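Step one of this worksheet: look at the structure below.
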Amino acid sequence: MPNSNLFPNEAHFNILQSIVETAIDGILLIDPAGKILMVNTAGTRLFGFSTEEMLGNNVSMLMPPPDRDHHNDYIDNYRRTGIRKIIGIGREVQGRRKNGTLFPARLAVSEVTIEGNQYFTGILQDITEMKAVQQRIINLNNELKQSVIDKTTELQETVNLLLETNQQLNRSIEKHKSYELALLATRDELKKALAMEKELNSLKSRFVSMTSHEFKTPLSSILSSASLISKYVTTEQEADRARHVDRIKSSVNHLNGIMIDFLSLTKIDEGHFIPVISGFLIEDLLVDLQAETQDLLKKDQELICRHEVKGLHINSDKKVIRNILYNLLSNAIKYSDEGKKIICTIMPISDAIQITIKDEGMGIPAEDQKHIGSRFFRATNAINVPGTGLGLNIVLSYLHTLKGELSFDSQEGKGTTFTIQLPLHHEK
Ligand code: ADP
């Protein structure tokens, strides 16, 4: 309550008293020594003291240490230096209740001089609740910060997990791809194996039908000749005996030829065929072959050999080239009628040699030409001519080994020309 001694004018005092008493903040008036001269009801309620307990006492009773012990120094300092640390500025202080408990308060101090005497008024606002709210806000803020940190960490972990899962997924996709490729490769291999098995089966059946067909005639001819020979017992029948012996010989030779072809094929297929390279004159080989094929020629057939260049040396497998040419020449003879010419020409081309064998025989039907050289294949117009369909296949394999090439040109009913090209020097 305001001190009436300080206010000689009663009206002023009453107004002031009503203002001070209705204020919700604590209001205190002290002298420069810190003595409490006045306190309003809000002030006594704030500190838990009665007005009587407060009036006349030093204001430091309302403060905890260290302010309690230094309060008088604060006022002295101000009075000496004039430097304001709180007056007119206001600050947050700790208040001490009668029961010793502390509370935060906002303190505004002003200085007033009445009739030459200096006084200080202090207005105190209990900010316990505000502080609690502030603390709650700080706590909430901290919680929020923590929860943002937690969530970010959680999110980061989830992102890491996602990345890891993605990587795992990529790895498993790669794995699946490789499995798929392996499966495709296996499927391809299976397909190939199946195709090979089919090819083998078809070869087997073609072989069976070829052998039964090709072996039947010479075997029955051998059988009939042998049983006839036993009947020709007289000396006069010597010529008949010799004829049948020749028939047997020729049949055996024919069968032997087929067997040689089989053996050659097996050797090539099993990779046992290795060319034996030597140098020789190609025309010498032709002369030998001309002599060897004389017996095969039909009536009035003629084999003409032409050399474009004399003394042509070749480095290759002589025996194999002989077999190739023998095969082509015997075919030309076999598939030509009596009286027809067979022309063999040798010609050098850059570092190779070209040999052509041209006949005027039955030719190869256009629709069969693409199959020529396949194992056991025989053209439709050659069914009645003995043969196995192996010769050209063997020729192709031999040429492949010697790095040579085969081509042909044929017209059904007009004739065929087979051309081979061989390198002059065989390279391993
Ligand atoms: P073969 O003569 O034993 O049947 P080849 O493999 O030597 O076997 O010949 C395959 C097929 O090619 C023959 O059956 C024949 O139809 C055809 N052929 C080969 N050479 C000639 C040729 N000079 N004239 C016509 N057809 C030929």
Side-chain angles (χ1 to χ4, degrees), residues 199 202-203 205-219 250-251 253-269 289-290 292-293 295-298 301-305 320-345 355-401 404-420:
E199 170 71 8
S202 116
L203 276 178
S205 60
R206 277 186 278 160
F207 173 77
V208 171
S209 77
M210 184 279 292
T211 40
S212 54
H213 184 262
E214 277 309 296
F215 278 54
K216 215 160 92 188
T217 321
L219 283 177
S250 134
S251 295
N253 276 339
H254 179 65
L255 288 175
N256 192 42
I258 296 174
M259 290 312 292
I260 288 172
D261 277 357
F262 283 165
L263 289 174
S264 307
L265 261 186
T266 317
K267 215 168 159 186
I268 293 168
D269 281 354
L289 271 167
Q290 217 169 354
E292 275 179 59
T293 49
D295 285 352
L296 303 177
L297 288 172
K298 292 175 192 157
Q301 273 186 343
E302 198 184 350
L303 172 60
I304 304 161
C305 286
V320 168
I321 295 179
R322 182 247 162 230
N323 286 347
I324 293 171
L325 293 176
Y326 185 87
N327 212 299
L328 296 176
L329 285 171
S330 59
N331 271 353
I333 294 166
K334 188 164 70 169
Y335 295 110
S336 297
D337 283 339
E338 293 178 354
K340 299 288 183 188
K341 282 192 185 72
I342 290 123
I343 302 166
C344 176
T345 315
I355 305 170
T356 54
I357 293 162
K358 184 176 183 304
D359 67 52
E360 304 163 340
M362 60 168 65
I364 303 165
E367 64 275 16
D368 290 341
Q369 291 187 8
K370 57 179 177 294
H371 302 296
I372 289 296
S374 304
R375 204 167 281 187
F376 297 118
F377 181 80
R378 309 206 64 225
T380 40
N381 61 343
I383 300 301
N384 296 323
V385 184
T388 58
L390 286 176
L392 286 182
N393 188 264
I394 296 172
V395 164
L396 281 173
S397 300
Y398 278 152
L399 279 172
H400 177 74
T401 319
E405 277 168 23
L406 176 85
S407 59
F408 70 90
D409 182 40
S410 185
Q411 247 186 305
E412 196 177 357
K414 292 242 166 96
T416 308
T417 304
F418 275 93
T419 304
I420 60 167

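Owing to the predicted nature of the structure, the values given are computational and were not obtained by experimental measurement. Atoms within each ligand, like the ligands themselves, are counted from 1 in listed order.
Among Asp359, Ile372, Val395, the residue whose heavy atom lies nearest to atom 17 (C) of ligand 1 is Ile372. Considering only non-hydrogen atoms, atom 3 (O) of ligand 1 lies nearest to Thr388 out of Thr388, Leu396, Thr416.
With hydrogens left out, the protein atom closest to atom 26 (N) of ligand 1 is Ile364 CG1, 3.4 Å, a heavy atom. Looking only at protein heavy atoms, the nearest one to atom 7 (O) of ligand 1 is Asn331 ND2, 2.7 Å. Atom 5 (P) of ligand 1 has as its closest protein heavy atom Leu392 N, 3.6 Å. The closest protein non-hydrogen atom to atom 4 (O) of ligand 1 is Arg378 NE, 2.6 Å. Closest to atom 10 (C) of ligand 1 among all protein heavy atoms lies Phe377 O, 3.4 Å. Here the heavy atom of the protein found nearest to atom 13 (C) of ligand 1 is Tyr335 OH, 3.2 Å.
Proximity of a side-chain donor or acceptor of Ser410 to a complementary backbone N or O of Ile364 within less than 3.5 Å is detected. For Ser330 (side chain) and Asn327 (main-chain N/O), a donor-acceptor pair under 3.5 Å exists by modelled atom type. Looking at Glu292, its side chain never comes within 3.5 Å of a backbone N or O of Tyr326 through a donor-acceptor pair. In this structure a side-chain-to-backbone donor-acceptor pair under 3.5 Å is present from Glu360 to Lys341. Checked by atom type and distance alone, the side chain of Asp359 never pairs as donor or acceptor with a backbone atom of Gly415 at under 3.5 Å. Checking side-chain atoms of Lys340 against main-chain N and O of Ala332 turns up no donor-acceptor pair under 3.5 Å.
Interface atoms of ligand 1 facing Lys334, defined by a heavy-atom separation under 4.0 Å, are 1 (P), 2 (O), 3 (O). Under a 4.0 Å criterion applied to the non-hydrogen atoms of Gly387, ligand 1 contributes the atoms 1 (P), 3 (O), 4 (O). Short contacts between ligand 1 and Leu390, defined as distances under 4.0 Å to a heavy atom of the residue, involve ligand atoms 6 (O), 8 (O).
Between Ala379 and ligand 1, an N or O atom pair is found at a separation short of 3.5 Å. Polar contact with ligand 1: absent for Ala382 (N/O pair, distance under 3.5 Å). Residue contacts with ligand 1: Asn381 is placed with no nitrogen or oxygen under 3.5 Å of a nitrogen or oxygen of the ligand (distance criterion only). By the 3.5 Å distance cut-off applied to N or O atoms, Met362 is not counted among the residues near ligand 1.
For NE2 of His400, the number of neighbouring non-hydrogen atoms (other residues, nucleotides, ligands) closer than 6.0 Å is 12 at most.
Distances shorter than 4.0 angstrom occur between a heavy atom of Gly389 and an atom of ligand 1.
Using cut-offs of 30° and 60° for the angle between ring planes, the Phe418 and Phe408 rings count as tilted.
Closest of all the heavy-atom pairs between Arg375 and Asp269 is NH1-OD2, 2.8 Å. The nearest pair of heavy atoms linking Ile258 to Glu214 is CD1-CB, 3.9 Å.
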